[in-house]
Each structure stands twice: as C-alpha cells, then as structure tokens.
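This report concerns only the one structure given below.
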Amino acid sequence: MSEDNINNKEESKPSISFIEQFVAEDLEGGKNSGNVITRFPPEPNGYLHIGHAKAICLDFGLAKKYNGKCNLRFDDTNPVKEDVEYVDSIKEDIHWLGFDWEEREFYASDYFGKLYDFAAELIKRGLAYVDDQPAELISSQKGTPTQPGTESPFRNRQADENLDLFRRMNKGEFDEGSRVLRARVDMTSPNMHLRDPIIYRIIKSPHHRTGSSWKVYPMYDFAHGQSDYFEGITHSLCTLEFEVHRPLYDWFIDQLKTDDYRPRQIEFNRLNLTYTMMSKRKLLELVQEGIVKGWDDPRMPTLCGLRRRGYTPESIKKFIDLIGYTKVEAINDVSLLEHAIREDLNIKAPRVFGVLNPLKVIISNYPEGKEEDVELINNPEDETMGKRLVPFSRVVYIEQDDFMEIPPNKFFRLAPGMEVRLKGAYIIKCEGFKKDEATGVIEEVYCTYDKETRSGGSGSERKVKGTLHWVSAKHSVDAEVRLYDRLFNHEDPSGQKEDDYRKFLNPESLKVLTGCKLEPSLKSAGKLEKFQFQRLGYFCVDTDSTDRKLVFNRTVQLKDTWAKVNK
RNA sequence: UGUCCCGUGGUGUAAUUGGCAACACGUCUGAUUCUGGAUCAGAAGAGUUCAGGUUCGAGACCUGACGGGACAACCA
C-alpha cells in the first residue's frame, strides 16, 4: 500500500447523508447563488417530540454547516386546532436543543394575503374553481388509488363567477363546509393529490394571529410549498410521506415562479423508537385520558418529557447523529438513546450516594456517637470536578438488594460472614441479622468494621470482592424517587392493526419510591440537576421537588451485568 | 388493479459513485477497577430479498419477481 493510500484512510471523512450530498452537489453546481436556506415548519398544535428533534437537527444543522440560514415557520393554517400555548413551547424546545432562528420567526399566516392573491390568480387563469358540493360528494368523486376520479359539475364554472364566489366566501357570506376552492389539475391522475385538490375552505373560528379577518383558510398543501418559495428556501426537507405531495407542490410553483428558482424538496425517514410512539394525536390522547401526567411526563417521548426525565440536549443530538437520515422506514432501538445519555452523563454527572430501598446496618464495634467525614471523588472521569466529604457513623443504610441471607454464587455483596467495603469508608463484616420470621423480611444487619481499612489509610490495601454505596442514617435526607420504565411493553405499540395501543401499556412504567435515603449534599440540589447515584443509575431533580420534599427522577439505569448473570 | 418510495449482521447506518462488505448499539469472552459503571483487549454475527442481464469485476447499473411502506381528511 502506498503512503497516499494510508493517508487517505486516516483522513477518511465521516460519510454524509444522501440529503447533504444533494445539497453539496447543488452548491458545486452553483445553484441558488451558493446559498443554503432551510426551514423548520411545525404546526402549533402539540408539543415537539424527539422525532421533531431529528428534523430540527437536520434543518438547523445543515444550514449552519453550509453557512446558511434556517427559518422557523409555524404552519398555522388551521385555526381550530392551533394555539399560542404550543407556539411558546415549540420555541422553548428548539432553544433548549441549542438552535436559534434569530429574527426569522415566520408564520404561514404571514402569507395569507399573498396566498389569497395567488388563488385569485389561478381562478383568473382557469386553474381553480369554487365547488358547491358537500364534502362526501367531493370525496367520492376523487375515486380511489386504483380508480380514476370523476369531474365535479362545477369544474367548468366561469372565472368571473368563481372569483365572485371566492370573495364572498371570504366575506363570510356562506356557511362552513358549503363551498371550497379547488385547484383544477387532473381528476384522472394516478396521484390522488393531483385530483383537483381542495386549496381553500371556509373556517369561521378566530385565528391565533390574524383574529377574524379571514373567513377562508388555505389548506396545508396550498400553503406549504408556496411559503417555502416566498421565503427563498433552497432545500425543503421533510419526511417520506410528503413524497407523493411533491408533484402538487411543483405544479403550484410552476404557476407561481418567475425565474429558475424553486425550493428543492428532499424527503427522509421519520424517527421511530421502540416501545413508544410518535403520533401527536395519540400522545395527546395519553395526556387527555390521564394515562400520563402531562406533555412533560418523563415517560413521554416529547422534548419536554425527555428534559424532565434528565436527558441532555447533547445526548439527543448525539443519538440523532448516530441514527442518520435515509429513506428506509426504520425503527430505532431505545437502547441506542439510552447509550447516548449514559455516555454524556458519565462525563458530566457528579457521583453521589443514594439508597433507594434502605436496609439498616449497625456497626456494633463503631463507637456510639462517633462520626467522621470521609472523602469521595465526585467524578472519576473528570478530576476537575473535585472531591467532597460525606459523613459516616455507626448506623448506615445500604440497599436491600445488597444483602442476602443465602447468597448465590458470585454474589459479591453482603451476606452472613462475608466482608464488603463501604465505598470511601471501611471494610465491614456481617456478623448477624434480624429477620421477621413471619414475613421473611430482613430488618437489620449487624456488622463489625475493620478500623485499619479506612479508604486512603495505611490498611486500605486489603481487597474485598464487593464495594457498596451507603448513607449514614443520622445524616441522611429523605426523598421520593420515581423510577421510570418503558411506557409500552410492545416494540411497536401503535403499529398493530388488530390491537389498540392502550392494550400494550406497561403497568410498571412508573414506580414511586418513598423514604429513600440520600447523602446530605443532595439537599441543596437544584431543579433538573443531574447525578449518578452510584451503582444505580443517573437521576435528576424533578420539577416537583421542593425544599421540604425532595423528588428525583431516574433517567436511566447503569448497565447491570449482575442482573444479567442473575437471570 | 394504479402511482410513488424502500429491501446490507439482531438493530441503526457505511462502502471514496463498479474493485471481493465497514462502523455504532446490542450480545459474548478476558483484563482492570474501592461503582458488577467507565476503560482496555478480543470474539461471534451479513456475502447485501430472489432470479436473470451488462461487465474482467455488481451491494451499487438494467430487467423481472418477491417483500415492506406511502397515497382516497374541507388535518398537517
């Protein structure tokens, strides 16, 4: 192999997605004067979820990489479903992810005037007509994917009359549903979207931005492509289901454009995650039916839910980077998302002691009333995070799981006669325990400690098989800890034809633990602050937490090879 | 009985545009560890849905099957 080849291998760039390849080609071809302008176009009718994050990362990320701009545009063409509540949450979530649209905050409703004029122009050119038929009739005349449609009796209405009716529709002279404006394309097209699509309908509810100045509203298909055109979008990135809409968008732009410029639409696969679902409608049902506690319930795949769960924007972006953009409809394993958050928090989260299911351990030869501070490293992955002092005393709590009366093989924890290290403190030996014979519950464990084995001390070299986390009973703070598991116990809960997704709800998706014992330093933790509870997982302070009642959420468990062995 | 899109280890993606399939997650070993975490070393696992064709050479190109998906809201 020549030296050149070796160098090439070492320098080989990470591959870019097919979308980015198209963009790069356009740039090389001198299209759009070398500009890249994208847009993220949410409808303000729900909260953003991780699937939207995939689009956001693409739209904003690509623009940034190619020195372009990305607009935020709310597709607010349906006043009956949309609300400012959603506008605000969407903006917050995009910022949280770390993207910014500067002053370019647009609304499809900004273009209602232009869109109306364009529709009027289409009428004048004989390319649009007012249809007086009811919805069911129009629908039945559309035909089916395998059968051509039939033409409306109003299809050949004269332009003057169409124009007059369209104006009067907008003045509120007609009832909702009584008339629509349709584009005059081709009722026999194999593409259903081209069969004289409805482009305007009468809606009399007020709009969150334009109030009641309009009585007629453009359909999404009539607003979206043209909005891109008005904004000078060069690359219009969207999900696969809009592929069949593209010919329609092109048809509109053909009527509208005055030069060579036109936005290039590129479709990619939407994000699917195992054991959850992304349908906004179904997520709304979970909220409305009280199955979850709100849009920001930590079990939700919404960005606010993930944020409250303890996910970082970096971990979400890393995950999205890992899964890539293709045209294959894929379902991604949540374990990859979990890997991303573990990897991020491993570096960032300070380690602390928290005992979820406390078991009292009495160290009988440790002087009563004595207490001492032991020093612990905050994060072995990052020395700059320093050390802290944790109080130790005669009575400590350990995890119930860390003691067994009759241990199986390879149980490196506490059991009668066995020794174990209390991390950062001493080696202790189990001398006995107290058990409620009726229930079989272990109530207390009695140990002795080896004074010489204090961590960092002269006798600390001695090895024992297990190391446990612990909390001094006297100094511990109580907390509620919420353990989350997947919301559904089916990989694809909403993809089952026969069964409603509700059938697959995991009854154990939330377990609330009270009386958990935490080390005292946690008392002052701020909301959403993240920690690794050593040997257990990553946790963050819930937004419900107060000074009087600490509440933590478990973001994700640590990998647990013992649990696997134990199976 | 249509039109459009897609088929690469268990999962998600690569393959310098035609030169004998790479990475990540997961899985399994082992080392190490005062977290059964992290880290380190290693392993197993696909011959690219199938059948033809073009070519010296195909995961890439062509044809045809097969399989999956999208499209029939006055939703977006």
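Letters go in sequence order (proteins before strands), and every chain restarts at 1.
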Glycosidic class, syn or anti, of B:G68 using a 90° window around 0: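 That one's anti.
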Anti versus syn assignment for B:U17, with syn defined as within 90° of 0: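 Judged by the O4'-C1' to base torsion, B:U17 sits in syn, the angle falling within 90° of 0.
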Under 4.0 Å from OP1 or OP2 of [N]: is there any side-chain N or O of [X] that close?
{"X": "A:Arg201", "N": "B:A76", "result": "yes"}
{"X": "A:Arg182", "N": "B:C74", "result": "no"}
{"X": "A:Thr326", "N": "B:U13", "result": "yes"}
{"X": "A:Thr77", "N": "B:A76", "result": "yes"}
{"X": "A:Ser140", "N": "B:A72", "result": "no"}
{"X": "A:His339", "N": "B:C25", "result": "yes"}
{"X": "A:Lys564", "N": "B:U27", "result": "yes"}

If the sugar-phosphate is the primed atoms plus P, OP1 and OP2 and the base is the rest, what is the B/S/- string for nucleotides 37-46 of chain B, using protein heavy atoms under 4.0 Å? BS--------
Shortest side-chain distance from [X], nucleotide among [options]:
{"X": "A:Glu241", "options": "B:A72, B:C6, B:A70", "value": "B:A70"}
{"X": "A:Val328", "options": "B:G7, B:C4, B:C74", "value": "B:G7"}
{"X": "A:Ile331", "options": "B:G12, B:C25, B:C74", "value": "B:G12"}
{"X": "A:Asn78", "options": "B:U17, B:A70, B:C75", "value": "B:C75"}
{"X": "A:Phe411", "options": "B:G36, B:G12, B:C71", "value": "B:G36"}
{"X": "A:Ala330", "options": "B:G2, B:U13, B:C71", "value": "B:U13"}
{"X": "A:Pro145", "options": "B:G2, B:C5, B:C25", "value": "B:G2"}
{"X": "A:Val244", "options": "B:C71, B:G36, B:C74", "value": "B:C71"}
{"X": "A:Thr146", "options": "B:A72, B:U1, B:C4", "value": "B:U1"}
{"X": "A:Ser15", "options": "B:G12, B:C71, B:A14", "value": "B:A14"}

Would you kindly compare A:Gly457 and A:Ile16 by the position of their nearest RNA chain B nucleotide and give the one closer to the 5′ end?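 This one resolves to A:Ile16.
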Contact nearer the 5' end of RNA chain B, comparing A:Leu336 with A:Pro41: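 Its nearest nucleotide being more 5', the pick is A:Leu336.
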Rounded to whole Å, how long is the line connecting atom [atom1] of [X] with atom [atom2] of [N]?
{"X": "A:Leu322", "N": "B:U13", "atom1": "CG", "atom2": "C1'", "result": "9 Å"}
{"X": "A:His224", "N": "B:C75", "atom1": "NE2", "atom2": "P", "result": "18 Å"}
{"X": "A:Ile199", "N": "B:A73", "atom1": "CD1", "atom2": "P", "result": "18 Å"}
{"X": "A:Ile203", "N": "B:A73", "atom1": "CD1", "atom2": "P", "result": "17 Å"}
{"X": "A:Leu194", "N": "B:A70", "atom1": "CG", "atom2": "P", "result": "21 Å"}
{"X": "A:Ile377", "N": "B:U35", "atom1": "CD1", "atom2": "P", "result": "10 Å"}
{"X": "A:Ile50", "N": "B:G12", "atom1": "CD1", "atom2": "P", "result": "16 Å"}
{"X": "A:Glu20", "N": "B:U16", "atom1": "CD", "atom2": "C1'", "result": "15 Å"}

Tell me whether the NZ or CZ atom of [X] lies within the 45° cone about the ring axis of [Y] and under 6.0 Å from its centre.
{"X": "A:Arg168", "Y": "A:Phe174", "answer": "no"}
{"X": "A:Arg73", "Y": "A:Phe106", "answer": "no"}
{"X": "A:Lys54", "Y": "A:Tyr325", "answer": "yes"}
{"X": "A:Arg209", "Y": "A:Tyr107", "answer": "yes"}

If the [atom1] atom of [N] is compared with that of [M], how far apart are they to the nearest Å?
{"N": "B:G36", "M": "B:A46", "atom1": "C1'", "answer": "32 Å"}
{"N": "B:G47", "M": "B:A21", "atom1": "P", "answer": "13 Å"}
{"N": "B:C74", "M": "B:A70", "atom1": "C1'", "answer": "22 Å"}
{"N": "B:G19", "M": "B:A58", "atom1": "P", "answer": "11 Å"}
{"N": "B:C50", "M": "B:A44", "atom1": "P", "answer": "23 Å"}
{"N": "B:U13", "M": "B:U48", "atom1": "C1'", "answer": "14 Å"}
{"N": "B:A15", "M": "B:C20", "atom1": "P", "answer": "14 Å"}
{"N": "B:G9", "M": "B:A22", "atom1": "C1'", "answer": "12 Å"}

With sugar-phosphate meaning primed atoms plus P, OP1 and OP2, does [X] contact a base, only sugar-phosphate, or nothing at under 4.0 Å between heavy atoms?
{"X": "A:Gln534", "answer": "base"}
{"X": "A:Lys280", "answer": "nothing"}
{"X": "A:Gly456", "answer": "base"}
{"X": "A:Arg195", "answer": "nothing"}

Parallel, tilted or perpendicular: which fits the ring planes of A:His469 and A:Phe353, with parallel below 30° and perpendicular above 60°?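 Ring orientation, 0 to 90° scale: tilted.
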With a 6.0 Å cut-off on the ring centroids, do A:Phe112 and A:Tyr217 count as close?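 Yes, the ring centres sit under 6.0 Å apart.
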A:Phe531-A:Tyr538 aromatic ring centre distance below 6.0 Å: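 Ring centroids of A:Phe531 and A:Tyr538 are no less than 6.0 Å from each other.
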Criterion ring-ring contact (aromatic ring centres under 6.0 Å, His included) against A:Trp470, the qualifying member of A:Phe403, A:Phe392, A:Tyr397: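 The option that passes is A:Phe392.
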Base paired to [N] (Watson-Crick or G-U; both N/O distances under 3.5 angstrom):
{"N": "B:C61", "answer": "B:G53"}
{"N": "B:U17", "answer": "none"}
{"N": "B:G67", "answer": "B:C6"}
{"N": "B:G42", "answer": "B:C28"}
{"N": "B:U48", "answer": "none"}
{"N": "B:U33", "answer": "none"}

Without hydrogens or angle criteria, can the side chains of A:Glu43 and A:Asn45 be said to hold a donor-acceptor pair below 3.5 Å?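 Yes, because at least one side-chain N or O of A:Glu43 sits under 3.5 Å from a partner of the opposite role on A:Asn45.
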Under 3.5 Å side-chain donor-acceptor pair for A:Asn191 and A:Ser189: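 Not at all, the side chains of A:Asn191 and A:Ser189 share no donor-acceptor pair under 3.5 Å.
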Against A:Glu399, only a single residue in A:Leu536, A:Val471, A:Leu414, A:Leu468 fulfils side chain to side chain contact (heavy atoms under 4.5 Å, CB included); can you say which?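 Checked A:Leu536, A:Val471, A:Leu414, A:Leu468 against A:Glu399; only one passes side chain to side chain contact (heavy atoms under 4.5 Å, CB included): A:Leu536.
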So if I apply the side chain to side chain contact (heavy atoms under 4.5 Å, CB included) rule between A:Pro42 and each of A:Leu72, A:Ile56, A:Asp75, which one comes out positive?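 Between A:Pro42 and the candidates, side chain to side chain contact (heavy atoms under 4.5 Å, CB included) is satisfied uniquely by A:Leu72.
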